Amino acid sequence: MSWEISGMSAVCALGDTVAGIHRALCSGRSGPAPLTAFDTSKYRAKAAYEVPDRARPDVDEPLRATRWLVRVVREALADAGLPHPDPGLPVLVGTTHRELRTAELWWRYGGALSPADLHFTAALRAAVGLRDVTTVASACAASLYGLGMATDLIALGEADTVVVAGTDSIPESSFGGFDRIQFPPPDTIRAFDRSRRGMVMGEGAVAVVLRRAGAHPGRIHGRVLGVSMNCDAAHPTAPDSAGIVRAVEEAHERASVAPDDIDLVIVHGSGTAQSDLAEAVALRDVFKATDPGPLVTAIKGGTGHVSGGAGLLNLVVALEAIRSGTVPAISGLTDPIEEAGELRIVSGRPATGPFGTAQVHAVGMGGINAVAIVEGAGR
């Protein structure tokens with residue numbers, strides 16, 4: 001069974017359309033800039049990948065994650081030809097922080113705060129008329145977990161169409177927590193590079209409309225062939241390569257593909273020492289018998305780590321890479337780690353050619369892994 005992606009939308013530090021974000025990545029743009037959301041004088045880190053949409057650049061605003069979510073859901077529905085959806089259409093929102101930054105602003109500066117504002121249902125009901133909203137909180141894999149749950153809903157006949165989204169802004173408490181454990185602080189994300197120093201927070205939102213394959217006429221962006229999810233719980237923070245391998249192999253099984261069928265892999269690529277190592281080892285093990293093997297890239301050096309929406313942002317960039325025939329290079333990668341030596345890493349400049357099938361990763365703390373297999377609309 002497969003599922004069609006008939007609508008998609010995204011916003012992050014690099015742009016506010018999927019095509020625009022992909023073009024920026026392919027041009028080598030990277031989005032880190034001096035952080036403006038709060039006073040950084042008490043922190044070592046000074047940069048982040050922020051969405052530059054505040055009315056006053058140095059004054060933070062509440063409900064930004066909700067604002068982006070409403071925007072991308074509305075745009076994805078319009079892109080799918082569903083500007084006035086059924087109110088019961090399910091929406092699955094992957095998030096790490098939800099509206100934690102809004103709660104911080106209320107605690108620090110006062111002002112009105114309704115508990116309903118901390119969930120996304122009220123805003124989506126008011127803006128789009130959707131009332132069946134479920135929050136998926138599984139760290140950095142949240143939006144790909146949502147995608148897997150959406151495929152199950154459709155396969156089981158519980159829904160015919162599902163909106164899957166992810167959204168997060170940058171809370172000061174999370175920024176401060178990462179600042180305590182990354183020394184010296186990274187100024188950008190350098191996935192798979194020997195000089196990588198860790199993760200830099202980003203923000204933004206992404207949404208797709210997923211539908212039963214073949215049931216609806218009209219243009220599509222691609223197809224989801226299979227999604228796997230696991231939690232190996234091997235370590236509180238460090239990913240385990242064996243757990244990632246199991247997630248990849250299950251995704252291949254669900255999608256009825258073999259390693260030789262994969263043209264492109266967009267890894268989680270968070271730029272942390274242990275996560276990058278685990279992904280490189282996992283890919284080496286999975287694709288060791290393939291020749292020449294898939295191209296491998298990562299996008300967080302350009303977009304930052306957008307938390308709950310990270311996996312779904314990888315997915316829409318993968319579909320745009322397939323459509324355009326251009327795979328962005330890994331930003332900041334000049335000296336790859338030894339474990340990535342056998343992989344076809346895209347570095348320096350974009351790779352071009354015909355691509356049909358992509359594998360996308362989301363790897364979270366606590367051993368939370370998700371892998372999706374997608375193909376382009378032309379396959």
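Not measured: the values here are computed from a predicted model.
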Under 4.0 Å between a Lys/Arg side-chain N and an Asp/Glu carboxylate O for Arg246 and Glu249? no

Verdict with reasoning, Ser169 to His97, per side-chain hydrogen bond (donor to acceptor under 3.5 Å, both in side chains): CA-CA 7 Å; Ser169 58; His97 309 293; over 6 Å; no

Side-chain heavy-atom pair Pro350, Val327 within 4.5 angstrom cut-off: no

Indicate yes or no for a side-chain donor-acceptor contact from Glu75 to the backbone of Met8 under 3.5 Å, with no hydrogens or angles considered. no

Short N-O contact, Arg223 and Glu375, less than 4.0 angstrom: yes

How far does CZ of Phe192 sit from CD1 of Ile345, to the nearest 0.5 angstrom? 5.0 Å

When rounded to the nearest 0.5 angstrom, what distance separates CH2 in Trp106 from OG in Ser114? 11.5 Å

Charged N to carboxylate O under 4.0 angstrom, Asp187 versus Arg190? yes

Whether Lys300 side chain and Gly271 backbone form a donor-acceptor pair below 3.5 Å: no

Arg254 with Glu250: basic N within carboxylate O range, under 4.0 Å: yes

Do Val72 and Leu92 belong to the same hydrophobic cluster, where Ile, Leu, Val, Met, Phe, Trp and Tyr are linked whenever their side-chain heavy atoms lie under 4.5 Å apart, directly or via other members? no

For the side-chain contact (heavy atoms from CB on, under 4.5 Å) test, which of Thr303, Leu35, Ile189 pairs with Tyr49? Ile189

Can a donor-acceptor pair be found, under 3.5 Å and without considering hydrogens, that links the side chain of Ser27 to the backbone of Ala24? yes

Give a yes or no on whether a salt bridge exists between Asp168 and Arg98, defined as a side-chain N under 4.0 angstrom from a carboxylate O. no

Ignoring hydrogens and geometry, is there a side-chain-to-backbone donor-acceptor pair from Asp193 to Thr334 under 3.5 Å? yes

Are the side chains of Leu124 and Val73 in touch, meaning some heavy atoms are under 4.5 Å apart? yes

Could you walk me through whether Thr134 and Val91 satisfy the side-chain contact (heavy atoms from CB on, under 4.5 Å) test, starting with their C-alpha distance in whole Å, then the side-chain angles of each, then the deciding distance to 0.1 Å, before giving a yes or no? CA-CA 6 Å; Thr134 301; Val91 184; over 6 Å; no

Smallest separation among heavy atoms of Leu313 and Ala10, with atom names: CD1-CB, 4.0 Å

Measure from the side-chain N and O atoms of His268 to the backbone N and O of Ser270, and report whether any donor-acceptor pair falls under 3.5 Å. no

Could you measure the distance from the CH2 atom of Trp68 to the OG atom of Ser9? Nearest 0.5 Å is fine. 13.5 Å

Looking at Pro328 and Thr297, what are the two nearest heavy atoms and their distance? O-OG1, 2.6 Å

Is the backbone N or O of Tyr43 less than 3.5 Å from a side-chain atom of Thr40, with the two atoms forming a donor-acceptor pair by type? no

Under 4.0 Å between a Lys/Arg side-chain N and an Asp/Glu carboxylate O for Asp179 and Lys42? no

Roughly how far, to the nearest 0.5 Å, is SG of Cys12 from CD of Glu50? 13.0 Å

Apply side-chain hydrogen bond (donor to acceptor under 3.5 Å, both in side chains) to Arg211 and Thr161, showing your working. CA-CA 4 Å; Arg211 313 195 80 177; Thr161 302; 2.9 Å; yes

Between the side chains of Arg219 and Glu4, is the shortest nitrogen-to-carboxylate-oxygen separation below 4.0 Å, so that they form an ion pair? no

Let me check something: do Leu14 and Ile330 share a hydrophobic cluster, defined by ILVMFWY side-chain heavy atoms less than 4.5 Å apart, either directly or through other members? no

Are Leu277 and Ile244 connected, step by step, through hydrophobic side chains (Ile, Leu, Val, Met, Phe, Trp, Tyr) whose heavy atoms are closer than 4.5 Å? no

Can any side-chain N or O of Arg197 pair as donor or acceptor with the backbone N or O of Pro185 at less than 3.5 Å? yes

Main-chain N/O of Thr357 paired with Asp263 side-chain donor or acceptor, under 3.5 Å: yes

With a 3.5 Å distance limit and no angle check, can you tell me whether Ser30 reaches the backbone of Gly301 through a side-chain donor-acceptor pair? yes

More than 12 heavy atoms of other groups within 6.0 Å of Lys288 NZ: no

Contact check, side chains of Pro83 and Arg74, non-hydrogen atoms, under 4.5 Å: no

Distance col, row Glu339:CD vs Asp285:CG, nearest 0.5 angstrom, shows 11.0 Å

Is a donor on one side and an acceptor on the other found under 3.5 Å between the side chain of Thr290 and the backbone of Asp260? no

I'd like to check Val163 versus Val93 (side-chain heavy atoms, cut-off strictly below 4.5 Å). Are they in contact? no

Give, for atom CZ of Phe38 and atom CG of Leu105, the distance between the pair rounded to the nearest 0.5 Å. 10.0 Å

I'd like to know if Leu312 and Leu25 are part of one continuous hydrophobic network [Ile/Leu/Val/Met/Phe/Trp/Tyr, side-chain heavy atoms within less than 4.5 Å]. yes

Quick one, Asp117 and Glu99 - any side-chain contact, counting heavy atoms below 4.5 Å? no

Applying side-chain contact (heavy atoms from CB on, under 4.5 Å), run through Glu158 and Asp152 and close with a yes or a no. CA-CA 8 Å; Glu158 297 294 325; Asp152 285 347; over 6 Å; no

No-hydrogen, no-angle side-chain donor-acceptor test under 3.5 Å, Asp160 and His216: yes

Indicate whether the side chain of Tyr109 and that of Glu104 have a donor and an acceptor atom separated by less than 3.5 Å. no

Val136-Val208 co-clustered via ILVMFWY side chain contacts under 4.5 Å: yes

Answer with yes or no whether the side chains of Asp79 and His221 bring together a donor and an acceptor at under 3.5 Å. yes

Trace of the side-chain contact (heavy atoms from CB on, under 4.5 Å) decision for Ile368 with Cys140: CA-CA 8 Å; Ile368 297 174; Cys140 314; over 6 Å; no

Residues Ala141 and Ala370: closest non-hydrogen pair is CB-CB, 4.2 Å

CA sep, side-chain torsions, deciding dist, call: Arg44, Phe183, side-chain contact (heavy atoms from CB on, under 4.5 Å): CA-CA 8 Å; Arg44 295 186 293 253; Phe183 184 81; 3.3 Å; yes

Between Val227 and Ile373, is there a side-chain heavy-atom distance shorter than 4.5 Å? no

Heavy-atom side-chain contact between Arg108 and Glu172 under 4.5 Å: yes

Shortest non-hydrogen separation from Ile322 to Ala358 and the atoms involved: CD1-CB, 4.0 Å

Do His361 and Glu279 meet the criterion of a side-chain donor-acceptor pair at a distance under 3.5 Å? yes

Do the side chains of Glu203 and Arg64 get close enough for a salt bridge, i.e. N-O under 4.0 angstrom? yes

Passes side-chain hydrogen bond (donor to acceptor under 3.5 Å, both in side chains), His119 versus Thr121? Steps please. CA-CA 6 Å; His119 192 272; Thr121 304; 2.6 Å; yes

Looking only at heavy atoms, the pair that brings Cys231 and Gly366 closest together is SG-O, 3.4 Å

Quick one: do Arg67 and Glu61 make a salt bridge, cutoff under 4.0 Å? yes

Could you check whether any side-chain heavy atom of His305 comes within less than 4.5 Å of a side-chain heavy atom of Met201, counting everything from C-beta outward? no

